[in-house]
Protein chains: 2
Amino acid sequence: MLVSIDHSSSVSLAEQIAASVRRGLVDGSVRKGDRLPPARSLARTLDINMHTVLRGYQILKNEHLIDMRPGRGAVVTADAPASTLVTEACRHFVALAQRAGMSRTDILDLLHTQLHAATQGPPGLD
Amino acid sequence: MLVSIDHSSSVSLAEQIAASVRRGLVDGSVRKGDRLPPARSLARTLDINMHTVLRGYQILKNEHLIDMRPGRGAVVTADAPASTLVTEACRHFVALAQRAGMSRTDILDLLHTQLHAATQGPPGLD
DNA sequence: CTACTTGTTCGCATTGAGCTAGAACAACAG
DNA sequence: CTGTTGTTCTAGCTCAATGCGAACAAGTAG
């Protein structure tokens, strides 16, 4: 898995690390059961602080993508790469909607509308 | 048009103001040719600094949604912006989720998870 | 058991972004 | 002209992100 960071980006380093792992899940370079590099060593590699790496891992933990335990490290618990793609699409949708000033209710309404529209459509199983 | 701000939000005040105007454009309460409230008066109303309001207006100016001139104020120069982008993102999300075999409940759960994740920041929200 | 690894938690310093504050200035309307 | 409004400038404040160091807890390996 390739973890690269950009100090000049507006995205926080922790979020960039989390994004790298998500990308790895999508392209298959990271799979369920894999162990992420120890925070200390990855921090040394990227020349950033250990806490920053752990903060990135924590984001993934909150998303239930990995499990963390002292002594054992960070282990990927994600189900399927497809669900990660879906999650990414969901994240993108939420970010865009909130940027447009939509409330939580607005977002749910829009989703319901699309769900109804989609169920009337053809089965997209190809 | 209703402009409301939330000091506890992780979204900047300027961005919230811009979002309020965008929302107004979407729901029709703000139309092309309308004049936005003067920065000083809106700042007094919201009990925030004038510069913060101007920064929010500046965001909209950069998006070519409004035009600003001294003495005349901020005037809306565009019709409803591409809220279609949000809809498009939602449709993409739904399509991907359903192809992955997710049920309606799964989709709603995922959305709720992401809504919570997107709201994370200062402790004690929810 | 011990030794080592690794995540966890704590406190504190630094940096930059965001917000506030005040003032002076320029463009526009009446 | 006077008054309004955006623009620009300087300065200070707060807070999140990051960095740094240290101790601690849980797990692994011997």
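It should be emphasised that the depicted structure is a prediction, and the values quoted were computed from it without experimental measurement.
- The two residues Arg72(B) and Arg35(B) make their nearest non-hydrogen contact at O-NE, 3.1 Å.
- Atom C1' of nucleotide dT6(C) and atom CZ of Arg35(A) are separated by 7 Å, given to the nearest angstrom.
- Nucleotide dA27(C) holds its C1' atom 13 Å from the CE atom of Met68(B), rounded to whole Å.
- The backbone N or O of Thr87(A) sits nowhere less than 3.5 Å from a side-chain atom of Gln114(B) that would complete a donor-acceptor pair.
- For a distance-only test at 3.5 Å, the side chain of Arg40(B) qualifies as a donor-acceptor partner of the base of dG6(D).
- Remark: Arg69(B) is not in phosphate contact with dA29(C), judged by side-chain N or O atoms under 4.0 Å from OP1 or OP2.
- Of the residues in residues 49-58 of chain B, those lying under 4.0 Å from DNA chain C by heavy-atom distance are Asn49(B), His51(B), Thr52(B), Arg55(B).
- As rounded to whole Å, 10 Å separates atom P of dT18(D) from atom NE2 of His7(A).
- Looking at Val21(A) and Leu65(A), their side chains never come closer than 4.5 Å, going by heavy atoms from C-beta outward.
- One interatomic measurement links the two molecules: CG of Leu13(B) to C1' of dA17(C), which rounds to 13 Å at whole-angstrom precision.
- Rounded to a whole Å, the CZ atom of Arg44(B) is 13 Å from the P atom of dA21(C).
- In this structure, CG of Asp67(B) is placed 16 Å from P of dT5(D), rounded to the nearest angstrom.
- In this entry the distance linking CG of Asp6(A) with C1' of dT18(D) reads 15 Å, nearest Å.
- Between Arg23(B) and Val30(B), every side-chain heavy-atom pair lies at or beyond the 4.5 Å cut-off.
- Taking the side chain as every heavy atom from C-beta outward, Leu54(B) and Met68(B) approach each other to under 4.5 Å.
- When distances run from any side-chain atom of Arg72(A) to the nucleotides dT7(D), dG27(D), dT18(D), the shortest one goes to dG27(D).
- Using a 4.5 Å heavy-atom threshold, the side chains of Leu13(B) and His7(B) count as touching.
- Note: NZ (Lys61(B)) to P (dG6(D)) measures 11 Å, nearest angstrom.
- Ranked by how close their nearest DNA chain D nucleotide is to the 5' end, Gly71(A) and Ile48(A) are led by Ile48(A).
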Using distance only, find each side-chain donor-acceptor pair of residues 41-51 of chain A under 3.5 Å and give its atom names and separation, not counting sequence neighbours.
| residue | atom | partner | partner atom | Å |
| --- | --- | --- | --- | --- |
| Ser41(A) | OG | Pro38(A) | O | 3.0 |
| Thr45(A) | OG1 | Ser41(A) | O | 2.9 |
| Asn49(A) | OD1 | His51(A) | N | 2.9 |

